[in-house]
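Along the sequence shown, residues carry numbers from 1.
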Amino acid sequence: GAGTYPTVVSTNATSPLTVTGLTAATTYYFMVTAVNAVGVGASVNANAGVSATTATATTTGVTAAVSLGQIDLSWSAVTGATSYKVFRGTASGAETLLTSGITLTTYSDTTVVNGTTYYYYIKSFNGTDSAASNEVFGKPIAAFTLASATALTSTTVSLAWNSATGADSYQVRYGTVNGSYPSVFSSGASSPTTVTGLSPGVTYYFMVVASNAIGASASVSASATLSATTAPAAAVGVAASATSGQISLSWSAVTGATSYKIYRGTSSGTETLLASGVATTSYPDATVLNGTQYFYFIKATNGTDSPASS
């Protein structure tokens, strides 16, 4: 305490003098004694006292969590610190003071530009700045949208999305429940991407995750979602029975189909659309001519046509 000076730093000091080996964030009281010696054993002295508090320890545990248009910093509390200072730069080692007087151990930087890499360090403060903390960094990604999800066939869907500023890669995920995307189709996708291996007549929900990785562990992602229903499976069990002036068609119901389309031609492979919006699994074609051979196939539809029946 004040008035007590048990530790001798130097008996032959000169000004200025740096006192080392002290403890961070501790108030020390100093006395300098000026001495001379005249003759044998005769001496005279004068005293001067002053105090100073050492800077706090270096801030530790600094992390950066990146989200859309924002970088959130956090760090461990420092004993003796009355506030903290945040330093930022766009190159490592080029940080300048961003803000001071922070009394919490978190700070959200909302002045970042998506696609720009930012570097940070923290200094704790108690009247004197501590040394700089470890450097952390991150690159925020802009929001983006899935432009389209279009069923191409009964087992494929085409996805297209707008590019996300700051993204280095895109991952395509999907599932059959809205909000749940357990299946990863690709972790290095580009737009447009055709998702394959799906099941016919099933509604799929898709999420594209835009990501970047800065350094060994810092990463950020943004996502966009959309859904599409694959085309039904091809109709099977198609049969045709002819009577005078009519050919009656029938087929098995197709899961997920909302209606059926009938195609007809007078030679194999030349079939064109005869009827659509057929809601049942049978169709009487009464527009035939006796003595003419007709060829048919069926397509199931749910907004997207299935392959032709065999």
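Side-chain N or O atoms of Y121 include none that pairs as donor or acceptor with a backbone N or O of V62 at under 3.5 Å. In terms of modelled atom types and a separation under 3.5 Å, the side chain of S309 and the main chain of I298 share a donor-acceptor contact. Put simply, the side chain of N302 gets close to the backbone of T230: a donor and an acceptor are under 3.5 Å apart. Distance alone, capped at 3.5 Å, is enough to place a donor-acceptor pair between the Y204 side chain and the S199 backbone. The backbone N or O of A147 lies less than 3.5 Å from no partner atom in the side chain of T145, so there is not a single donor-acceptor pair. Looking at E95, its side chain does come within 3.5 Å of a backbone N or O of G93 through a donor-acceptor pair. Not a single donor-acceptor pair under 3.5 Å links the side chain of R88 to the backbone N or O of L98. The backbone N or O of S130 lies less than 3.5 Å from no partner atom in the side chain of S124, so there is not a single donor-acceptor pair. Between the side chain of Y118 and the main chain of P140, no donor-acceptor pair closer than 3.5 Å is present.
The heavy-atom pair separating K299 from P307 by the smallest distance is CG-O, 4.0 Å. Annotation for A149 and A228: closest pair O-CB, 3.5 Å, computed over non-hydrogen atoms. Across all their heavy atoms, A231 and T304 have their closest contact at CB-CG2, 3.6 Å. Between P232 and P200, the shortest heavy-atom distance links the atoms C-CB, 3.8 Å. Taking both residues in full, the closest heavy atoms of S76 and G61 are given as OG-CA, 4.0 Å, listed atom of the first, atom of the second, then distance. Residues F144 and A210 share a closest heavy-atom pair of CE2-CB, 3.6 Å.
Shown are L274, I262, T281; of these, the side-chain contact (heavy atoms from CB on, under 4.5 Å) with L249 is made only by I262. In summary, of the residues considered (I102, T59, T58), a side-chain contact (heavy atoms from CB on, under 4.5 Å) with I122 occurs for T59 alone.
Grouping the Ile, Leu, Val, Met, Phe, Trp and Tyr side chains by contacts below 4.5 angstrom, directly or via other members, places F87 apart from V136. A chain of hydrophobic side-chain contacts below 4.5 Å, direct or via other Ile, Leu, Val, Met, Phe, Trp or Tyr residues, connects V202 to Y174. Hydrophobic clustering places V66 together with Y120 (ILVMFWY residues linked when any side-chain heavy atoms are closer than 4.5 Å, directly or through intermediates). M207 and Y205 fall within the same hydrophobic cluster, where Ile, Leu, Val, Met, Phe, Trp and Tyr residues are linked whenever their side-chain heavy atoms come under 4.5 Å apart, directly or through other members. Hydrophobic cluster membership differs between Y283 and F297, with clusters built from Ile, Leu, Val, Met, Phe, Trp and Tyr side chains linked at under 4.5 angstrom.
In summary, the side chains of S211 and S169 do not present any donor paired with an acceptor at a separation below 3.5 Å, with no hydrogens or angles considered. Side-chain contact check for T203 and T229: at least one donor-acceptor pair (N or O, by modelled atom type) lies under 3.5 Å. In summary, the side chains of S187 and Q171 do present a donor paired with an acceptor at a separation below 3.5 Å, with no hydrogens or angles considered. Side-chain contact annotation: T82 with N126, donor-acceptor N/O pair under 3.5 Å absent.
Note that CG of D109 is 9.5 Å distant from OG1 of T99, once rounded to the nearest 0.5 Å. For the atom pair I141 CD1 and N212 CG, the distance stands at 4.0 Å (nearest 0.5 Å). To the nearest 0.5 Å, the span separating CH2 on W161 from CZ on F206 amounts to 11.0 Å. Taking NZ of K139 as the reference point, atom OG1 of T165 lies at 10.5 Å (rounded to 0.5 Å). Within the model, atoms CG of D305 and OG of S154 stand 11.0 Å from one another, a figure rounded to the nearest 0.5 Å. Remark: L273 CG to K261 NZ distance equals 6.5 Å, nearest 0.5 Å.
The shortest side-chain heavy-atom distance between T287 and R264 falls under the 4.5 Å cut-off. Proximity of Y294 to T266: side-chain heavy atoms (C-beta onward) are separated by under 4.5 Å at one or more points. The side-chain heavy atoms of Y296 and D285, taken from C-beta on, include a pair separated by under 4.5 Å. Inter-residue side-chain proximity for Y170 and S163 is flagged as met; some heavy-atom pair is nearer than 4.5 Å. A heavy-atom distance below 4.5 Å is found between the side chains of N290 and S244.
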Would L159 and F185 satisfy side chain to side chain contact (heavy atoms under 4.5 Å, CB included), going step by step from the backbone distance to the final call?
CA-CA 12 Å; L159 296 178; F185 175 70; over 6 Å; no
Side chain to side chain donor-acceptor pair (under 3.5 Å) between S74 and T63, intermediate numbers included:
CA-CA 5 Å; S74 65; T63 61; 2.7 Å; yes
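Residues satisfying the side-chain hydrogen bond (donor to acceptor under 3.5 Å, both in side chains) test with S267, not counting sequence neighbours, are T270.
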